Amino acid sequence: MAKLNQIIAVEKGVKSKSLQDITAAHHKVQKPALLAGISRTYQPKDEEGEQLPPESTRVQVQAEDVLREMSASLTRLFDVTATKDWANCTARADVTVDGRTILTDVPVSYLLFLEKQLTDLHTFVRKLPTLDAAEAWSHDPSTDWWKTDAVRTIRTKKVPRNHVKAEATDKHPAQVEVYYEDVPIGYWTTVKFSGALPARRVNELVERVEKLQQAVKFAREEANGAEVTDQRVGDAVFGYLLG
């Protein structure tokens, strides 16, 4: 008895051959000259008349033969596809990760859906924002955010100062140079917050998605190893169509 994965393996080839056969059949019946034949003989009016050889053209394509050939090719396609689809209704497997069964008795069609969704989810998770590694972060239960320790910095203000380069005399005024001095006037206390994730958490999520991806693929392979019952629907379909 064949297995589902064997039917899936041959399905593509059967489809390709059927398409070629149908295309060839279509071309045959669309050429009137191939379906036409003729036979004619010549008889002169009297015995002294010119004798001409008979002429004939054989029919090269018979539409009923083309129909039979096409139905034979499509019958194979119908049977293989039906065998696969019928088997997909019953082929199932469990999804197990590290000995823990996540999903039970899952149909092949849903396993295929899961594979695609997990591929998209893997891309999303890998691109999740992570906390700046240059900072030390801790979780703040009151906001459910991540935060840094408070950092205190001085706020300064530039205050003009006078520097006397030369004292005043009775002949010259004093020479004074103005410069600015940074004078502390207060303090900033800064705490940074973030809604990103620790890199450890992102790596953990990526690993979980990858493990589940492998488990789903394994389950699909297991389900595709189920034995199948050959379906014979083509004869019924073309028995009616060409009957």
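Treat the numbers as computed from the prediction; the structure is a model and nothing was measured.
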If you define the side chain from C-beta out and look only at heavy atoms, does anything of [X] sit under 4.5 Å from [Y]?
{"X": "H139", "Y": "D144", "answer": "yes"}
{"X": "V183", "Y": "R161", "answer": "yes"}
{"X": "L103", "Y": "L114", "answer": "yes"}
{"X": "T83", "Y": "Q231", "answer": "yes"}
{"X": "V95", "Y": "L111", "answer": "yes"}
{"X": "N88", "Y": "S109", "answer": "no"}

Taking all atoms of both residues into account, what is the closest heavy-atom pair of [X] and [Y], and its distance?
{"X": "L4", "Y": "A223", "value": "CD2-O, 4.1 Å"}
{"X": "V66", "Y": "K28", "value": "CG2-CD, 4.2 Å"}
{"X": "E50", "Y": "P44", "value": "O-CB, 3.6 Å"}
{"X": "F238", "Y": "T75", "value": "CD1-OG1, 3.5 Å"}
{"X": "I154", "Y": "Y187", "value": "CG1-CE2, 3.6 Å"}
{"X": "W146", "Y": "P198", "value": "CZ2-CG, 3.4 Å"}

Point-to-point distance, once rounded to the nearest 0.5 Å, from [atom1] of [X] to [atom2] of [Y]:
{"X": "M70", "Y": "D21", "atom1": "CE", "atom2": "CG", "result": "10.0 Å"}
{"X": "Q43", "Y": "Q51", "atom1": "CD", "atom2": "CD", "result": "8.5 Å"}
{"X": "E64", "Y": "E69", "atom1": "CD", "atom2": "CD", "result": "11.5 Å"}
{"X": "T130", "Y": "R201", "atom1": "OG1", "atom2": "CZ", "result": "14.0 Å"}
{"X": "S194", "Y": "L131", "atom1": "OG", "atom2": "CG", "result": "4.5 Å"}
{"X": "W86", "Y": "T81", "atom1": "CH2", "atom2": "OG1", "result": "10.5 Å"}

Checking L35 against K31 for the side chain to side chain contact (heavy atoms under 4.5 Å, CB included) test, could you report, in this order, the C-alpha distance in whole Å, the side-chain angles of both residues, the deciding distance, and whether it holds?
CA-CA 7 Å; L35 291 104; K31 294 179 179 179; 5.6 Å; no
Do the side chain of [X] and the main chain of [Y] share a donor and acceptor less than 3.5 angstrom apart?
{"X": "T90", "Y": "A87", "value": "yes"}
{"X": "T101", "Y": "T96", "value": "no"}
{"X": "E177", "Y": "Q175", "value": "no"}
{"X": "D79", "Y": "G234", "value": "yes"}
{"X": "T148", "Y": "K192", "value": "yes"}
{"X": "S16", "Y": "K12", "value": "no"}
{"X": "W137", "Y": "L197", "value": "no"}
{"X": "D98", "Y": "R100", "value": "no"}
{"X": "T123", "Y": "T119", "value": "yes"}

After noting the C-alpha distance and the side-chain angles of N224 and K3, does the key distance pass the side chain to side chain contact (heavy atoms under 4.5 Å, CB included) rule?
CA-CA 7 Å; N224 284 341; K3 297 184 181 296; over 6 Å; no
Should the pair [X]-[Y] be classified as a salt bridge under the 4.0 Å nitrogen-to-oxygen rule?
{"X": "K217", "Y": "E221", "answer": "no"}
{"X": "D182", "Y": "K158", "answer": "yes"}
{"X": "K211", "Y": "E207", "answer": "yes"}
{"X": "D65", "Y": "R68", "answer": "yes"}

Does OH in Y110 sit with more than 12 non-hydrogen atoms of other residues, nucleotides or ligands closer than 6.0 Å?
no
Same cluster or not: [X] versus [Y], using hydrophobic residues (I, L, V, M, F, W, Y) connected whenever any side-chain heavy atoms lie under 4.5 Å apart?
{"X": "L242", "Y": "I22", "result": "yes"}
{"X": "F113", "Y": "V209", "result": "yes"}
{"X": "V237", "Y": "Y240", "result": "yes"}
{"X": "L52", "Y": "I38", "result": "no"}
{"X": "F78", "Y": "V14", "result": "yes"}

L205, N203, V206 screened by side chain to side chain contact (heavy atoms under 4.5 Å, CB included) with R126, the one that passes:
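The passing option is V206.
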Show the numbers, then the answer: is there a salt bridge (charged side-chain N to carboxylate O under 4.0 Å, His left out) between E204 and R200?
CA-CA 6 Å; E204 178 186 88; R200 179 187 70 257; over 6 Å; no
